[in-house]
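Just so you know, residue 1 is the first one in the sequence shown, and it goes up from there. Note that the structure is a prediction, hence the values are computed from the model and not measured.
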Amino acid sequence: MDASRGQTVRVRRNEQQQQQHAVPPPQHDLAHADDNDDHRKYRSNLHAVSPKVHAHPADTPIAVALFVLAAALRFYSISFPDQVVFDEVHFGKFAAYYLRREFHFDVHPPLAKLINALAGHIAGFDGHFEFDQIGDKYLENNVPYIRMRALPAIIGSLQVPLIYAIMRHSGYAPIIGVFSAALLLFDNAHIAQDRLILLDAPLILFMMLSLYSYIRFYKLRYNEFSLAWWSWLLATGLNLALTMSCKMVGLFTFFTIGAAVLCDLWKLLDIRRGLDMDHVVRHFFARFFALIIFPFGVYLFWFWVHFAILIKSGPGDVFMSSQFQQTLQGNPMLSNARDIQYHDHITLQHKNTKAFLHSHLERYPLKYDDGRISSQGQQVTGYPHNDTNNVWQIIPTRPIPDDQADGRVVKHKDHIRLLHVNTNSYLLTHDVASPLMATNEEFTTTPANDTSRYDDTLFEFQLDESDLPDKSWKSKASWFRLIHVNTRVCMWTHPEPLPDWGFKQQEVNGNKNAMDKTCLWYVDDLVPSPSSPDYEERLKPLPPRKVVRMSFLKKWLELQLQMLQQNAGLTQSHPYATGPINWPFLLQGISFWTQDAGQHQIYMIGNLVSWWGTILSISIFAGVVGADLLARRRGIYPIPSAVRNRLHKSAGFFVAAWACHYVPFFLMSRQLFIHHYLPAHVCACLVAGAVVNFVASETVQFPISPPGPLLRVHDYRARMDNVVPKQARAVMAVIMAALIVCFWWLSPLTYGTPGLTTAEVHARRLLSSWTLHFAK
């Protein structure tokens, strides 16, 4: 018992001795020093001069050299190919729409697309080219594509010196910063993405600026509420807003900074710091304003710019409500919208699929393929083309005055019947399963002289909520639902085609979820009834109508909801779509462009050394932290406190950023591609530098007590002078050489030039899962 007590005393004495001899972190690393000071020390430092990184004389030349190298790699042969490549089909087209001021719809916020449009405007592009399909010729259509590609290339080049700056301001040696920057500098995937008219370059730049700004802000925590403190806090909020204004995945950067801010506020709340609650509340509201309210205002601003530019009707109209569409100049709803009256002849078109409500003399088969029995009634289908079999007449269910035009107008919640003109039969639905969906009701018709099924032909006309203020039904301008009175199902169609007996046309059936947003229809064409008292007047061209006004917030909210809904609906299969588990290991890339049977091709794939090395670094970090936690549970302290704090707060912050930009993709059901991993890869490059620094220099330790039976790793002090040993520099040089060789080997697939023979293409297929195009 006494021996055990004596051993404990000696252990404590050794620990106290270590604390007395511990080497404090250098000034430039105070951003990652332990914050768990007593309250007197904290209060005495509140108004002290903030710790700063001592600028290394070579920092500026190194940053400039990195930018020049990055620009050289991204601008190399940027004119090739002179054709539309991969998603330039979409984002080049959006730039053209901006320049023509035509409203378009996309699932992404507008900022990155506005940047591409700005590049086109500066280059002199007038938006005449449509970017219809991959391979369309730029030169033949006088498109200044090189200058349009130049702006994303410059933005991508700025990312490389920025990653160096992040590492330097995180307290790492210049060579460590260069190492992290090189992992991005020579990465084939980033280069392929940055040199095209795409959105990822500005997204990643603003994401990196968000991390950089927050690190600069965090280093000023002992100089709170100063001008510099506020400046970097607001800069963080601004960059967060710009990130999310490029793509919705910018929300992941909010998660990263938000998690760090919550940890910081939790520490401030500690009573041992001696801060009263008023002071803590000031900190909370400063961050709430700068990181939530201010960014939200910036995010809204870019949508205001978006609406201010896009004032003309365009291809995006169909995604928006009729009220929204009528805010656009030249919209058909402004020139062709007419009140619909009873006995008018109309054609009905489905809002989502654009199929016309159609019927013909052919009937449903007696039995379907699954053995179910049909009604053998007349087929009612969705047909994509204009046809005389698309014409229906609106029949009233109550007496209509012949001499009052207003009394003949069809209004919200009226009960109506639809007569198919060519077959003289009424539309109906009944309790019989539809051909393709056993849960939905079949739509068919019944002869006009059959009065026994009158109730089955009754439908309630319901205007969509956005059209309710007007209450009247207008062609082109009103979306509506047709709800069966008896069974309360709603007329609906979907893209899946019927079998051959239905001529591959769309099935029309009764959807039990009558409020489904895909149940909306509109009247495409209208022929007034001759019995109408104002028949002659209704045949005259309509006078020009003024553009409808709609508040900005209402337009923004409608567009935002549509963006979220359409983004969630991107679930179709794609040959190059991959799951997130594949991305860090580069199991498959994306074929951007190909020509000459695969001799020239652009295949977006990352540098194996960079991607595998960064994921290995994250694994090492997890292993080191896990081992340290286990050791500490047994009273063993393998990592000194200063080194451990730096590892957790610096490398740990980068790992958290990587996880926030990667893990959420596992929860998504939409189409996903390897380029979604690019922001996470940048964070992984930061982790790699931090882990290399830890392994190469911070694990080198010096004994602070004579060797003895009780001497443990805890009795050593760490080397934190940021001097990377020569042996470590040699290893890093070997890694960078391998990085450059791998980049060079894959560069023909990155640039699409020079051309490769079949054998050369095969040689560059480093993994069997890569789907390269092979030259014949």
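Going from atom CD1 of I166 over to atom CG of L211 covers 5.5 Å, rounded to the nearest 0.5 Å. Atom CG of residue D200 and atom SG of residue C246 lie 9.5 Å apart, to the nearest 0.5 angstrom. We find the OG-CG distance between S321 and L520 to be 10.5 Å, quoted to the nearest 0.5 Å. Atom-to-atom distance recorded for L686:CG and L184:CG is 9.0 Å, nearest 0.5 angstrom. For the atom pair OG1 (T594) and CD (Q83), the distance works out to 10.0 Å, reported to the nearest 0.5 Å. To the nearest 0.5 angstrom, D106 atom CG is 8.5 Å from H90 atom NE2.
At least one donor-acceptor pair under 3.5 Å links the side chain of S210 to the backbone N or O of L240. Formation of a donor-acceptor pair under 3.5 Å by the K93 side chain with backbone atoms of E130 is found in this model. Not a single donor-acceptor pair under 3.5 Å links the side chain of E102 to the backbone N or O of Y97. Looking at R764, its side chain never comes within 3.5 Å of a backbone N or O of L746 through a donor-acceptor pair. For the pair R670 (side chain) and N567 (backbone), a donor-acceptor distance under 3.5 Å is absent. Distance alone, capped at 3.5 Å, places no donor-acceptor pair between the K247 side chain and the M244 backbone. A donor-acceptor pair is defined here as one N or O able to donate and one able to accept, closer than 3.5 Å; no such pair exists between the side chain of T256 and the backbone of C660. No donor-acceptor pair under 3.5 Å is formed between the side chain of Q588 and the backbone N or O of T771. For H661 (side chain) and A657 (main-chain N/O), a donor-acceptor pair under 3.5 Å exists by modelled atom type. In this structure, S157 contributes its side chain and F67 its backbone to no donor-acceptor pair below 3.5 Å.
Between P144 and G124, the shortest heavy-atom distance links the atoms CG-C, 4.4 Å. In plain terms, the two heavy atoms of L739 and A182 that are nearest each other are CD2-O, 3.2 Å. Closest non-hydrogen pair, N188 versus S747, comes out as ND2-N, 3.8 Å. Scanning all heavy atoms of the two residues, the minimum distance from F91 to I197 falls at CB-O, 3.5 Å. Across all their heavy atoms, A688 and L183 have their closest contact at CB-CD1, 3.5 Å. Nearest heavy atom pair, residue Q133 against residue V84, reads O-CB, 3.6 Å.
At least one side-chain heavy atom of F254 sits under 4.5 Å from a side-chain heavy atom of P295. The shortest side-chain heavy-atom distance between L199 and N116 falls under the 4.5 Å cut-off. A 4.5 Å side-chain heavy-atom check between N239 and L242 finds at least one atom pair inside the cut-off. Side chains of C685 and I163 form a contact here, defined as non-hydrogen atoms less than 4.5 Å apart.
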Could you check Y138 against F125 for ring pair (Phe, Tyr, Trp, His ring centres under 6.0 Å), going step by step and ending with a plain yes or no?
CA-CA 11 Å; Y138 283 133; F125 180 49; 8.8 Å; no
Walk me through whether R74 and H190 qualify under side chain to side chain contact (heavy atoms under 4.5 Å, CB included).
CA-CA 9 Å; R74 282 152 180 80; H190 284 273; 4.1 Å; yes
Could you go through F503 and L498, starting from their C-alpha distance and side-chain angles, then the distance that decides it, and tell me whether this counts as side chain to side chain contact (heavy atoms under 4.5 Å, CB included)?
CA-CA 7 Å; F503 307 100; L498 291 166; over 6 Å; no
Using side chain to side chain contact (heavy atoms under 4.5 Å, CB included), reason through S610 and F186 one step at a time and then give a plain yes or no.
CA-CA 8 Å; S610 176; F186 293 106; over 6 Å; no
Is there a side chain to side chain contact (heavy atoms under 4.5 Å, CB included) between F307 and T327 once you walk through the steps?
CA-CA 10 Å; F307 293 140; T327 66; over 6 Å; no
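Here W556 and F296 bring their ring centres to under 6.0 angstrom of each other. You'll find the ring centres of Y145 and F129 outside the 6.0 Å limit. Ring centroids of H104 and H306 are separated by less than 6.0 Å, placing the two rings close together. The aromatic ring centroids of Y299 and F303 lie less than 6.0 Å from each other. Note: H108 and F94 fail the aromatic proximity criterion, with ring centroids not under 6.0 Å apart.
Aromatic ring pairs are classed by plane angle as parallel below 30°, tilted from 30° to 60° and perpendicular above 60°; the pair Y603 and W770 is tilted. Ring geometry for H358 versus Y383: interplanar angle of 30 to 60°, hence tilted. A tilted orientation is assigned to the rings of W658 and Y662, their planes being inclined by 30° to 60°.
With no hydrogens or angles considered, no side-chain donor-acceptor pair links N141 and D136 at under 3.5 Å. Side-chain polar atoms of T493 and Q506 form a donor-acceptor pair below 3.5 angstrom. Side-chain contact check for T518 and H494: no donor-acceptor pair (N or O, by modelled atom type) lies under 3.5 Å. No side-chain donor from either of D387 and H385 sits under 3.5 Å from a side-chain acceptor of the other.
For K555 and F324, the positive end sits near the middle of the six-membered ring, less than 6.0 Å away and at most 45° from its axis.
Qualifying ring pair (Phe, Tyr, Trp, His ring centres under 6.0 Å) partners for F105, counting only residues two or more places apart in sequence or in other chains: F319. Every residue meeting the ring pair (Phe, Tyr, Trp, His ring centres under 6.0 Å) condition with W593, not counting sequence neighbours, appears here in chain and number order: F80.
Counting heavy atoms of neighbouring residues, nucleotides and ligands inside a 6.0 Å radius, atom CH2 of W304 does not exceed 12 of them. Within a 6.0 Å radius of CH2 in W612, other residues, nucleotides and ligands contribute 12 heavy atoms or fewer. In the displayed structure, K517 atom NZ is contacted under 6.0 Å by at most 12 heavy atoms of other residues, nucleotides or ligands.
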